[in-house]
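Heads up: the structure comes next, in structure tokens.
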Amino acid sequence: IAGITQAPTSQILAAGRRMTLRCTQDMRHNAMYWYRQDLGLGLRLIHYSNTAGTTGKGEVPDGYSVSRANTDDFPLTLASAVPSQTSVYFCASSDSDGAGSEQFFGPGTRLTVL
Amino acid sequence: AQSVTQPDIHITVSEGASLELRCNYSYGATPYLFWYVQSPGQGLQLLLKYFSGDTLVQGIKGFEAEFKRSQSSFNLRKPSVHWSDAAEYFCAVGALRGRNNNDMRFGAGTRLTVKP
């Protein structure tokens, strides 16, 4: 079934450790996104990529980095995790970077930083 | 930047009853508007979207939403709720036409509980 896969499903991480959340899509979508979901705040955009080779900062980019070496993969890295990065992380993609394009979401990664 | 308010954090309805989830947005012009649903432990799935034209939009699973410019609202409705509709519902507002899709803002969500 076509879609977005994320790994790991969940992770408990010690503060200060480095962590990479993986995201892969097989829909050949140009644009990809990383959101974090926190209770009472909805989803907030961390980073995005409109096409392979380009990335941009979203609403809450501090402490996170991304890369887009190819169309399918969009990993999110926490260089030195802090407890405030405890959240559920969703990767999404859309076939166009144009405003209003439907975004398709992965199942999420639940990250706990202790 | 645009913003979205979902006034109701949690709503409980009886199975078979009608449902209305409220959404108000703040933006300078008519934006793209979306409703997404998130089942427990799952990602978000698009229910419906509004771009222009008819202000009453039909979506999947029997949902509809009505865009009211004068009230800056985009409320989601369903005539008869099913137990499987229990989930978290998110309203989202996208950027103006001609801009990139990286400016979508989500509301905080409304959790729907369905009583038997």
Side-chain angles (χ1 to χ4, degrees), chain A residues 1 3-7 9-10 21 23 25 27 29-51 54-61 66 68 74 87-110, chain B residues 1-10 21 23 25 27-53 57 59-60 67 74 87-111:
Chain A
I1 298 177
I4 298 179
T5 57
Q6 293 184 236
T9 301
S10 65
L21 308 185
C23 174
Q25 54 106 354
M27 297 176 283
H29 283 173
N30 285 318
M32 297 187 75
Y33 316 85
W34 273 106
Y35 292 91
R36 59 178 290 172
Q37 182 181 27
D38 301 291
L39 192 64
L41 297 176
L43 278 76
R44 293 178 294 168
L45 183 65
I46 304 170
H47 284 287
Y48 65 90
S49 169
N50 288 335
T51 189
T54 69
T55 62
K57 295 181 179 180
E59 185 181 359
V60 288
V66 292
R68 186 90 183 276
F74 191 43
S87 187
V88 181
Y89 291 86
F90 288 98
C91 180
S93 71
S94 61
D95 64 353
S96 164
D97 65 354
S101 297
E102 177 183 354
Q103 295 187 21
F104 295 81
F105 286 81
T109 294
R110 181 174 295 276
Chain B
Q2 63 270 37
S3 64
V4 180
T5 302
Q6 294 181 246
D8 305 303
I9 296 173
H10 183 204
L21 303 182
C23 172
Y25 69 91
Y27 207 25
T30 302
Y32 294 101
L33 295 162
F34 306 81
W35 274 101
Y36 284 85
V37 60
Q38 183 183 30
S39 298
Q42 303 296 315
L44 279 69
Q45 180 186 19
L46 182 69
L47 283 176
L48 50 79
K49 58 187 177 183
Y50 172 77
F51 291 169
S52 64
V57 181
I60 63 171
F67 169 64
F74 189 56
E88 187 95 15
Y89 291 80
F90 292 94
C91 182
V93 56
L96 286 174
R97 291 165 182 73
R99 295 187 61 183
N100 289 336
N101 203 22
N102 50 54
D103 204 16
M104 187 174 294
R105 300 298 173 99
F106 287 82
T110 297
R111 183 161 61 93

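All chains are named by letter (A, B, ...) in the order of the sequence lines, taking the proteins before the strands, and each is independently numbered beginning at 1.
With Tyr36(B) contributing its side chain and Gln103(A) its backbone, the two residues share a donor-acceptor pair below 3.5 Å.
Using a 4.5 Å cut-off between heavy atoms, Gln38(B) touches chain A through its side chain atoms alone. Within the 4.5 angstrom heavy-atom criterion, only backbone atoms of Leu41(A) (N, CA, C, O) approach chain B. Contact of Leu44(B) with chain A is made through backbone and side chain together, with heavy-atom distances under 4.5 Å.
Of the residues considered (Gly109(B), Gly41(B), Gly43(B)), Gly43(B) shows the highest number of contacts with chain A, using heavy-atom pairs under 4.5 Å.
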Practice task
Decide yes or no on side chain to side chain contact (heavy atoms under 4.5 Å, CB included) for Glu59(A) and Arg105(B), but give the supporting numbers first.
Solution key: CA-CA 9 Å; Glu59(A) 185 181 359; Arg105(B) 300 298 173 99; 3.9 Å; yes

Practice task
Please test Tyr32(B) against Glu102(A) for side chain to side chain contact (heavy atoms under 4.5 Å, CB included), starting from the C-alpha separation and ending with a verdict.
Solution key: CA-CA 10 Å; Tyr32(B) 294 101; Glu102(A) 177 183 354; over 6 Å; no

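By the side-chain contact (heavy atoms from CB on, under 4.5 Å) test, Pro107(A) is found to be paired with Gln6(A), residues two or more places apart in sequence or in another chain being considered. The side-chain contact (heavy atoms from CB on, under 4.5 Å) test applied to Ala92(B) returns Phe34(B), Met104(B), Phe106(B), not counting sequence neighbours.
Remark: Arg110(A) CZ is loosely packed, at most 12 non-hydrogen atoms of other residues, nucleotides or ligands lying under 6.0 Å away.
Interatomic distance, Leu39(A) CG to Arg111(B) CZ, rounded to the nearest 0.5 Å: 9.0 Å.
Of all heavy-atom pairs between Ala108(B) and Gly40(A), the closest is CB-O, 3.3 Å.
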